[in-house]
Structures are given as structure tokens and as C-alpha cells.
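Hydrogens, waters and symmetry mates are skipped; everything else that's a heavy atom, side chains included, is used.
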Amino acid sequence: MEVGQMQRQWVDYTKSLFLEGFLDGQFLQLQQLQDESNPDFVVEVVSLFFEDSEKLLNDLTRALEQPSVDFKRVDAHVHQFKGSSSSIGAQRVKNACIAFRNFCEEQNTEGCVRCVQQVKQEYYLVKNKLETLFAMEQQIVAAGGSIPILELSF
């Protein structure tokens, strides 16, 4: 496949991530911080998000499995997850965390258990989508091309 076609596919795929609500403008701001001196900035930041998220999801699951749920602790984990997902522009994960925090406030164990499943689902979806995006970027660069600058308005 020629570079121009790969770049067009990358643009279409990236736009779809915004249109489907996986990503928001924060992701574009993250991309704008990347330059020649730090070409892997976005991948590095998102990789750290993935590592932190796996730990947070495990902590959340364990906390909700306790006979007596510590809702303050659960809420602290959800708050942290909401912040980190927001910082990379993972909009659907952030929104799932907002709903989750409401159940924490109500001390609703059933609601929290449902929400942890929803947060996991949204997290694994966006993780898969971003890994695909980064793989597409690697193919473009390996073929001698450059990653297009994406101009989206919100």
C-alpha cells in the first residue's frame, strides 16, 4: 500500500475515534505537544496510561470484592482513573467514571460492580483503538511517510 493511501486511512480512522466519542480534544492537545525532539511523546504518555489503568482496574475489582466495601477508597481509585483518562482524551472512559462516582457516593455496591464492568469495557475498547492507531502510524513512518496533522474542530 502506498504512503498516501495509508495516510488517508489514518486520517479517516482518527476522525472516527472522535466521531464515535472514544477521544476528545484533549487527545489533539497531547498530539500537539509531540515534535521532532520527542517523536514518541503520545505513545509514551498513552503507554503510561495503559500501565496505570491496568493497576487501577485491578485495585477497583479487588476493592469491590471485599465483604465490606470501602466506598471512599473505591471513589479515590475511580477519581484517579477519571483524571488519567481525561488527561489523554479517553472521553468514553472518563464518562463511565463519572457515572461510577455517583454510585460510590450512594454507596451502591451493585451499581459500582456494574460500573466497573462498563469502565473496563470502555477502557479495553479505547486501548484497542489506540493500539491500532499507533500501529498505523508505525506503518506510515516505516514506509517513509509522515503522520498527517489533523485539524478537527469541536
Side-chain angles (χ1 to χ4, degrees), residues 7-35 38-140 147-154:
Q7 290 170 323
R8 285 187 296 280
Q9 282 183 343
W10 180 89
V11 167
D12 290 343
Y13 186 75
T14 303
K15 283 182 180 177
S16 76
L17 296 179
F18 288 93
L19 292 171
E20 294 170 26
F22 286 104
L23 299 176
D24 63 22
Q26 186 63 35
F27 187 78
L28 290 176
Q29 290 183 357
L30 202 60
Q31 287 179 315
Q32 290 171 356
L33 295 173
Q34 183 166 293
D35 58 22
N38 197 354
D40 297 325
F41 179 75
V42 175
V43 172
E44 289 170 6
V45 169
V46 172
S47 294
L48 288 172
F49 166 72
F50 290 159
E51 288 172 29
D52 290 346
S53 296
E54 298 289 338
K55 182 185 178 315
L56 280 169
L57 288 170
N58 288 333
D59 290 348
L60 276 168
T61 302
R62 269 196 304 282
L64 287 169
E65 289 170 347
Q66 300 306 309
S68 177
V69 176
D70 180 349
F71 287 100
K72 279 192 162 89
R73 191 164 148 235
V74 171
D75 186 57
H77 291 313
V78 177
H79 181 70
Q80 184 180 349
F81 199 25
K82 181 183 138 222
S84 60
S85 58
S86 180
S87 71
I88 69 145
Q91 181 174 310
R92 285 169 49 164
V93 176
K94 178 189 75 177
N95 291 342
C97 287
I98 291 169
F100 197 157
R101 291 196 72 200
N102 291 333
F103 285 111
C104 288
E105 278 180 35
E106 296 168 5
Q107 299 194 354
N108 180 332
T109 305
E110 261 184 50
C112 286
V113 169
R114 279 195 312 272
C115 279
V116 81
Q117 294 310 315
Q118 181 68 32
V119 166
K120 281 181 183 180
Q121 180 180 339
E122 292 300 344
Y123 164 72
Y124 286 114
L125 276 170
V126 79
K127 182 178 185 201
N128 182 274
K129 301 276 186 187
L130 288 171
E131 286 172 341
T132 299
L133 182 72
F134 297 151
M136 291 171 85
E137 290 176 359
Q138 286 178 332
Q139 288 177 327
I140 291 168
I147 307 305
I149 304 296
L150 198 60
E151 303 272 335
L152 294 176
S153 55
F154 291 96

Exercise for the section: Would you give the length of the straight line joining atom CD of Gln31 to atom CG of Leu23, rounded to the nearest 0.5 angstrom? Expected result: 8.5 Å
Completion exercise
CE (Met136) and OG1 (Thr14) are apart, to the nearest 0.5 Å, by 7.0 Å
Problem - Contact check, side chains of Phe100 and Phe81, non-hydrogen atoms, under 4.5 Å - result: no
Fill in the blank from the handout: In short, side chain to side chain donor-acceptor pair (under 3.5 Å) pairs touching residues 102-119 with sequence neighbours left out are Gln118-Glu122
Problem - Any Asp12 side-chain heavy atom under 4.5 Å of Gln9 side chain - result: no
Problem - Note, Ile98 side chain near Arg101 side chain (heavy atom, < 4.5 Å) - result: no
Problem - Closest contact, heavy atoms only, Val116 versus Val113 - result: CG1-O, 3.2 Å
Practice task
Would you please test Val74 and Phe103 for side-chain contact (heavy atoms from CB on, under 4.5 Å) and show each step?
Solution key: CA-CA 10 Å; Val74 171; Phe103 285 111; over 6 Å; no
Handout entry: Pairwise distance CG(Leu57) to CZ(Arg62) - rounded to 0.5 angstrom
Key = 11.0 Å
Exercise for the section: Can you measure from CG (Leu60) to NZ (Lys55) and round to the nearest 0.5 angstrom? Expected result: 10.0 Å
Practice task
Check whether any side-chain heavy atom of Leu28 sits under 4.5 Å from a side-chain heavy atom of Phe18, and report yes or no.
Solution key: yes
Handout entry: Straight-line distance of Lys72 NZ to Cys104 SG, nearest 0.5 Å
Key = 11.5 Å
Problem - Min side-chain heavy-atom separation Ile147-Gln34 under 4.5 Å - result: no
Exercise for the section: Work out which heavy atom in Ser87 is nearest to a heavy atom in Gln26; give both atom names and the distance. Expected result: O-CG, 3.2 Å
Practice task
Give a yes or no answer on whether the side chain of Ser86 reaches the backbone of Gly83 with a donor-acceptor pair at less than 3.5 Å.
Solution key: no
Handout entry: Contact check, side chains of Lys129 and Leu133, non-hydrogen atoms, under 4.5 Å
Key = no
Completion exercise
Taking every heavy atom of Val93 against every heavy atom of Ser85, the minimum-distance pair comes out as CG1-CB, 3.6 Å
Distance-only donor-acceptor hits, side chain of residues 40-53, under 3.5 Å, sequence neighbours excluded:
| from | atom 1 | to | atom 2 | distance (Å) |
| --- | --- | --- | --- | --- |
| Ser47 | OG | Val43 | O | 2.7 |
| Ser53 | OG | Phe49 | O | 2.7 |

Exercise for the section: First locate atom CH2 of Trp10, then atom NZ of Lys15, and finally report the distance between them rounded to the nearest 0.5 Å. Expected result: 10.0 Å
Practice task
Could you tell me whether the side chain of Leu130 reaches within less than 4.5 Å of the side chain of Ile88, counting heavy atoms only?
Solution key: yes
Problem - Ile149 CD1: over 12 foreign heavy atoms closer than 6.0 Å - result: no
Fill in the blank from the handout: Note: Val119 and Ala96 closest approach over all heavy atoms is CG2-CB, 3.7 Å
Handout entry: Which atom of Gly21 lies closest to which atom of Gln91, heavy atoms considered
Key = O-CB, 3.4 Å
Exercise for the section: Would you please test Lys127 and Glu54 for side-chain contact (heavy atoms from CB on, under 4.5 Å) and show each step? Expected result: CA-CA 11 Å; Lys127 182 178 185 201; Glu54 298 289 338; 3.5 Å; yes
